[in-house]
Amino acid sequence: MSQGFIDFWQTIYRNKKAFSGMIILAIFIFMAIFGPMMASLDMTVNFDGRYKSPSFAHWLGTDYGGRDTFLQLVYGSRDVLSIGLFAALFTLVLGFVIGAVSGFVGGKTDTVLMFITNLFLTVPSFPVLMIVAALVQIKNPVMFSFILAAWSWAPLARAIRSQLLSLKNREFIIACRIMGLKTPYILFREILPNLTPYLAINFIMAAQGAIVASVGLMMLGLAPYSPTNWGMMIQLAVQNTGGIFNPKGYIYLISPIMCLGLFQMACIFFSNGLEEALNPRLRS
Amino acid sequence: MSLKGVLKRIGVSLITVFLAMLLTFFLLRMTPGSAIDTWARDFATQRGMSLEEAYRQITAMINYNPKEPIFTQLGRYLGGLLHGNLGMSMIYQNVSVNEIIANALPWTLFVLSVSLVISFLIGINLGAMMAFKRKTVLDPIISIYAILTSSVPNFIVGILLLVIFAFQFGWFPVNGAYDPIVEPGFNLPFILNVLYHGALPILTYVITTIGTWALTMKGSAVNVLGEDYIVAASIRGVSERTLMSRYVKRNAMLPLITTLAVNFGFMLGGSPLIENVFSYPGMGYYIGQATQQRDYTLMQGLLLVTSIAVILANLASDLIYAKLDPRVKLEEG
Amino acid sequence: MNVLSGRKRLSGLCLSIVLGAVMIVSGCGTSAPGLVDRLSAGEVKDMQQPVPDAQIKYNKDKIFHVLGGWPKPPLYQGNPFGSGGTGDTNNRYMFEGLFFFIRSMNNVYNRLAESSEDTEQTTTVHLHQNVKWHDGAPFTSKDVWAYYRLNNGAEVTKYLTSIETPDDYTVVFHWMNPAPYPELRKLLLAQDLQGQIPYHIYKKYVDKADALLKEAKPLTDKSKDGPFNLDITDELSKKIALNWNEFTRAGPKIPVGTGPYKFEKVTTTDMLLDKFEDYWRPDAVHFDKIWIKNVPELSAQYALVKAGKLDWYDGTPPKDILESLLKQNKDLVHYRMYDPASVGLMYNIRNKPFDNLKFRQALTYVLDKKKLREIGNFYGQEYPKISMTGIMPSSLEKEVDKSVLDQMTDYTTNLDKAAELLKEIGWTKGSDGLWRDPDGKVPSFIIGAPNNWAPGVNSAQIAAEQFTKFGIPTKLKAVDSTIYFSNADKGQYDMSMDWVDVSWGFQNPWSSMRVLFWQGTKTKVGFPNVKKKDADGNEVDTGKLDLKLKGIDGKVYDIDKEMKRFPYVQDEQERRKIIDNLAWIANENCWGVNFFQNATGAWLNTKTMSGNFPMMDQIVQYNRDMPLATDPDEQLAITHLNHGFNSTYMPEEYWPR
C-alpha cells in the first residue's frame with residue numbers, strides 16, 4: 001500500500017499541470033486557515049477611497065466602500081472553501097451511494113431509490129427553503145453545506161446510476177460477483193476508482209455551484225449575510241457598480257470571479273494528475 | 001425490453017408526477033410569508049397613494065380565500081386537473097393558467113431546445129478532443145474558458161451581450177420575443193423575426209454551458225480511454241480520428257445523455273434572470289412573478305409542467321440508453 | 001506568487017480585452033453640440049416655445065419615449081382596479097382626477113375640477129364641461145358619484161356622509177360633523193383619480209354597490225369608522241367585497257379614461273398610446289404618440305438612456321454611473337429631488353435590552369450617519385442630530401417650531417457618550433473590547449432587512465459593522481421580502497430596517513406621524529395595544545395604540561387621542577402645537593434612527609425634447625448634474641419630473657424638437 005502511495009505522489013509531481021494545481025490549492029488552504037490571523041480587516045467605510053487601483057497598501061485595490069478587496073477575499077476564503085468542499089463532498093457521497101446502489105442492485109431497490117430521486121428533482125426548492133428558513137437557523141458551514149447538497153445530489157445520482165447500468169455487466173465485475181465478493185467491496189474498491197475522473201469533475205462543479213447557491217440562501221435569510229463570501233462579493237459588485245457601466249469598478253468586479261476561477265482551475269489541473277495516478281494506462 | 005416493462009415504468013412515472021404535484025400543492029400553501037407587503041409598497045410608491053389604501057386595493061384584487069379549508073382547495077384542483085384545466089390565476093383576472101402556459105411555453109421550448117442541442121453537440125466534441133489530446137494546449141484553454149463562464153453568473157454574460165451587441169452595435173434587438181409590427185403566424189417574416197430576437201438569449205445559454213459539457217465529456221472520455229478495447233483498437237492500427245469519433249465519443253457520451261435529459265426537464269422552467277435581462281416572455285418570467293406574488297395556482301401549473309417534463313425526460317433517457325448501450329439490460333423491475 | 005500571477009494574467013488578459021473593447025466602444029459619443037454648448041450659445045429663448053412642426057428635426061414623429069411596466073398579455077386588461085392595473089406609468093397619461101397633488105410638496109391643483117368652494121360642512125366642486133371619455137361618452141358628475149359609491153373603501157369616504165350631484169357638472173361632498181380642516185379635505189380628495197370608473201361601462205356594479213350601501217345603517221359608535229359614516233356589518237361587507245371582485249374582472253379589454261392619450265396597442269415589451277383627439281385641453285398635448293418600453297434590467301435601462309433612446313427616465317443611479325452617463329451623452333440633464341421617505345432602522349422594544357431608553361440612545365450615538373449615507377444612497381442627505389421624529393427631515397424646520405427643535409436631544413455621533421450611557425445602565429467593557437450586559441453576557445444582535453431593498457441592506461450592513469467595531473457584535477440578516485415584513489412585525493429581529501419618517505400619500509406631518517404611531521413603524525418597534533376582555537373573559541387586542549408619554553411641557557399625553565383629533569382641529573396654531581409635541585416625544589424616546597433622507601431624480605433628453613427646463617440658468621454651471629434645488633418654485637418644477645410624486649403627466653410642459 002505504501003508503495004502505491006509513493007507512486008501516487010510521484011505521478012502528480014511528474015505531471016506539471018497537476019503539480020501546479022496542487023501548489024495553488026495548498027496556497028488557498030493556507031490562506032483560508034492562516035490568512036485571517038495574519039492581517040486584520042478594517043471594514044470602516046471610506047467612500048473617497050473607493051475603487052482604488054491595486055497598490056502596495058491594497059493588493060487588489062478597494063471596493064465600493066473603500067475597503068481592501070484582497071483582505072476581504074482572504075477572510076471570505078474560510079467560509080467559502082469549507083462550504084464549497086463540504087457541500088461537494090455531501091453531494092458526491094449521497095449521489096454516488098444512491099446512484100451506485102440503485103444501478104447495481106436493481107430491482108425494487110432501484111425503483112424506490114429512483115422514485116425518491118425523481119421527487120427531489122421535481123419538487124421546487126423555493127418553498128421548501130422558505131419553510132426550512134422559518135424552522136432552522138444555520139449556524140455553521142457544515143449545516144449550510146448539507147442544505148446546499150440536498151438540492152444537488154439528485155442529478156448526479158441519476159448519472160451515476162446510468163454508468164453503473166453498463167459497468168455492472170462487465171467481465172471484471174461479473175468475475176467479482178462469481179467470486180462472491182460483497183456488494184460494498186465491489187462498489188467501493190472496483191467501481192469507484194473506475195469512475196474517478198468523472199466524479200472529480202462533478203466534485204468541482206458541485207463545489208462551485210454550492211458557492212453560488214450559498215449567496216441565494218443568504219439572500220433568502222437562511223444564513224446571516226456575509227459580505228466577504230466570494231459569491232456575495234460578485235453580487236454586490238454587480239449591484240453596487242451598476243453592472244458594466246462603472247469604468248472604475250472593473251478590478252473589484254473581476255477579483256472575486258478570478259479567485260473562484262483560480263480555485264476551480266487548480267482543482268481541475270490537480271484532477272488531471274489524479275486521473276493518471278489512478279489509471280496507469282493514461283500515463284504516457 | 002418488453003411491453004410489460006415499459007408500461008410498468010410509465011406507471012411508476014405517473015405515480016411520481018402525481019406525488020410531486022401533491023407535495024408541491026401542500027408545500028406552497030405551507031410556505032410562510034405573504035406577497036402583499038412588498039406588493040403594497042410598490043403600489044403605494046408607483047401610484048402615490050397611502051400604504052393603507054394600497055393594502056386595501058390589493059386585498060380586494062386577489063381571487064383567493066385563505067380561509068377555505070385546504071382539502072376543499074385540493075379537491076377542486078384535482079377535479080379541474082381531470083378535465084385538463086389547471087385552474088385560474090389567483091392574481092390576474094379572467095386568465096386561466098392554461099392560457100398563460102400556452103403563451104409562455106413555446107418561447108422557452110424554442111430557446112432551450114436550440115441552446116441545448118448546440119451546446120451539447122459542440123461540448124461533447126470539444127470534450128472528446130480534450131481527452132484525446134491531453135498533453136496539448138487545448139485542454140488548459142478550454143478548461144479556463146469553462147471555469148470562467150461558470151464562475152460568472154449567467155445573467156451577467158447576458159447583460160454583456162445585450163450591451164455590446166444590441167446597444168453598441170445595434171446588430172440585435174433590445175428586448176422581446178418578436179417585434180410588435182410583425183404578425184404572429186407561420187409565415188417567413190415572423191419566423192425570421194423570432195430567430196433574430198432569440199439569437200442573444202440562445203447565445204447566452206450556449207456560451208455559459210458549453211464549458212460544462214466539454215469538461216464532463218472529457219472526464220467521461222478519459223474513463224473510456226483507459227479501457228481495454230481502446231488499447232486493442234489502437235494496437236490494431238485504427239486511425240486516431242476513427243478512434244475518437246467511433247470508439248471514444250460514442251461510449252463516453254452515454255452518461256451525458258442522462259444529464260441531457262435532466263437538463264432539458266429543468267430548463268423548461270426557464271431562467272428568470274436571463275429572461276428578465278432580455279425581456280423574453282418565457283416560463284422563467286412567469287415563475288419568477290408567480291413566486292413573488294404567491295400566485296399558487298399559476299406556480300403549481302408551471303411546476304407541474306416542469307415535473308412532467310423532467311420525469312418524462314428521465315423515462316425517455318432510460319429507454320434510449322438501453323437501446324444505445326447493449327451492455328445495459330434494463331430489468332423488468 | 002509567481003504561479004499565481006501567471007495564471008491570473010492569462011485569464012485577466014482575456015477578460016480585460018473584452019471589457020476594454022466595451023469601454024472603448026462605449027466611449028464613442030455623439031458629435032452634435034450638447035446641451036451646455038447650446039445654452040452657452042444663447043439658445044435659451046428658442047427652447048421656451050413649442051417648436052413648429054416644420055422645424056422639428058430630431059423627433060419628427062413626435063413620439064415620447066419612456067419606460068414602464070404592465071401585466072404582459074394575455075394578462076392585460078382595461079380595468080385600472082384589476083390585477084396589475086393597466087400599468088403603473090400609464091395611469092398618468094390615460095386617467096385624471098378632480099385634483100392632483102405634488103407628493104413631496106403638498107400643493108394641490110385643479111384638474112377635472114374647474115373650481116371649488118368650501119362651507120363648514122360641504123365642498124362643492126364644479127367640473128369642466130367639455131370632458132369626454134376615450135370612447136366618446138361625456139364625463140359628468142355621475143361618474144364622480146359612481147367612483148366613490150363603488151370604490152367605497154377610499155380613505156376620503158370615511159369623512160363623508162354623502163355625495164350629491166344636483167346637475168351634470170356639479171358635485172357636492174357632504175362632510176361629517178366635525179369636518180376635517182379645509183386643506184386636508186382637498187388633499188384627501190386629491191389622492192384619488194376620480195376619472196377611472198365610467199358609469200356607462202360599470203353601471204351594473206355601481207348600482208349594486210349603491211344598493212348595498214343603502215342597506216347599511218348610520219354608525220352610532222364614535223370609535224369606529226366606515227364609508228359615508230355607515231355601519232357595515234360583516235355580512236354586508238362580504239357582499240360588497242364580492243361585488244367589487246366581480247367588478248375588477250368585468251373590465252373592458254382596453255382602458256377607458258379621460259386623459260390626453262388613449263390606448264392603442266400592447267405587446268409583452270412595448271405599449272403604444274395615441275393622442276386623444278377630443279381631449280378637453282388640446283393645448284396641453286404636444287406629442288402625437290407615447291411609446292412605452294418594458295426593459296426590466298437596470299444595465300439595459302442605463303444603456304437606453306446613454307444612447308438617447310429615452311426622452312425621460314426616472315431614478316438616480318450610483319455616483320460613478322451618473323457621472324459616466326452624463327459624460328457620454330452631452331444632451332442629458334439630471335435633476336435631483338428629495339424623496340419624502342428616509343431609510344431608517346427601528347429598535348424592537350419587545351426584545352431586551354431595547355426596552356431601556358438609555359440603551360437605545362447609546363446605540364444611536366455610535367452610528368456615523370455620513371458613512372451610512374455614502375453607501376446607502378450617496379445623493380441622500382443625513383441629519384446627524386435627530387434620532388427619528390416622525391417628520392420628513394427636510395421639512396422639519398418648516399413644520400416644527402424652532403424653540404422645540406432647540407429642546408431636542410442632539411444625537412450626533414459621540415462614542416464616549418455612548419460608552420458613558422452604557423456604563424450608567426450597568427454594562428461593562430471587557431478586555432477583548434466587547435461590551436457585556438449587567439449579567440455578564442456578550443450580546444449578539446440581528447438587524448433584519450428585506451433582501452430586495454438595496455439602500456436598506458447596504459446601509460444596514462455598514463451599521464452592523466459600526467456596532468461590531470464599537471464592541472457590540474451585530475449581524476445583518478437579509479430576508480426574502482415576502483416574509484420579512486410579517487417576521488419584523490412579530491418582533492423576530494432586534495432591529496429592523498424600513499422607510500421611516502415617511503409620507504406614503506400626501507405630504508403632511510400628520511400623514512408621516514400616522515406611519516410612526518399607527519402603521520409600519522408602530523409594528524416594527526412594537527408599541528403596545530389596548531387590550532380588552534371580551535364576553536368570555538379572554539384578552540382581546542383592540543389594535544388601538546396604548547401609549548401615554550410626557551410631552552415637552554411635562555404633562556402626560558395619550559398619543560392615540562392626539563393623533564385622532566388632529567384632522568378636526570380648525571386652528572392652525574393648535575395643529576402645529578400637536579405636531580411639535582409629538583415630534584419632540586418621538587425624538588426623545590429614540591425608537592429608531594433615521595439614517596438619511598432618500599433622494600431620487602429624473603433625466604431629461606434635451607436632444608429630442610425642448611421646454612422650460614427647471615434651473616435653466618444653472619445648467620451650464622453644474623454641467624447638467626443638477627444639485628438639490630433650494631428655491632421652492634424650482635423644487636416644485638423639478639418634482640413635476642418624477643412620476644411617483646405627482647398625478648400629472650409630465651409631457652405637458654415639454655414638446656418635441
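A, B, ... follow the sequence lines: proteins, then strands. Residue 1 opens every chain.
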Do you know which of Lys475(C), Gln492(C), Lys469(C) has the most heavy-atom pairs with chain A at a distance under 4.5 angstrom? Lys469(C)
Among the listed options Leu372(C), Val479(C), Ile462(C), Val457(C), the residue most often paired with chain A at heavy-atom distances under 4.5 Å: Val479(C)
Report which part of [X] has an atom under 4.5 Å of a heavy atom belonging to chain A: side chain, backbone, both, or neither.
| X | result |
| --- | --- |
| Gln461(C) | side chain |
| Leu476(C) | both |
| Ser481(C) | neither |
| Phe378(C) | side chain |
| Lys319(C) | side chain |

To check you understand the geometry: which heavy-atom pair defines the closest contact between Lys371(C) and Thr44(A), and what is its length? CE-CG2, 3.8 Å
Contacts of Pro384(C) meeting side-chain contact (heavy atoms from CB on, under 4.5 Å) (sequence neighbours excluded), chain-then-number -> Glu382(C), Thr412(C)
To the nearest 0.5 Å, tell me how far Leu217(A) CG sits from Asp480(C) CG. 11.5 Å
At what distance, to the nearest 0.5 angstrom, does OH of Tyr225(A) lie from CD1 of Ile447(C)? 12.0 Å
Around atom CZ of Phe86(A), are there more than 12 heavy atoms from other residues, nucleotides or ligands closer than 6.0 Å? no
Should Pro227(A) and Glu465(C) count as side-chain neighbours, where that means a heavy-atom distance under 4.5 Å? yes
Could you work out, with salt bridge (Lys or Arg N to Asp or Glu O under 4.0 Å) as the rule, every residue matching Asp432(C), not counting sequence neighbours? Arg436(C)
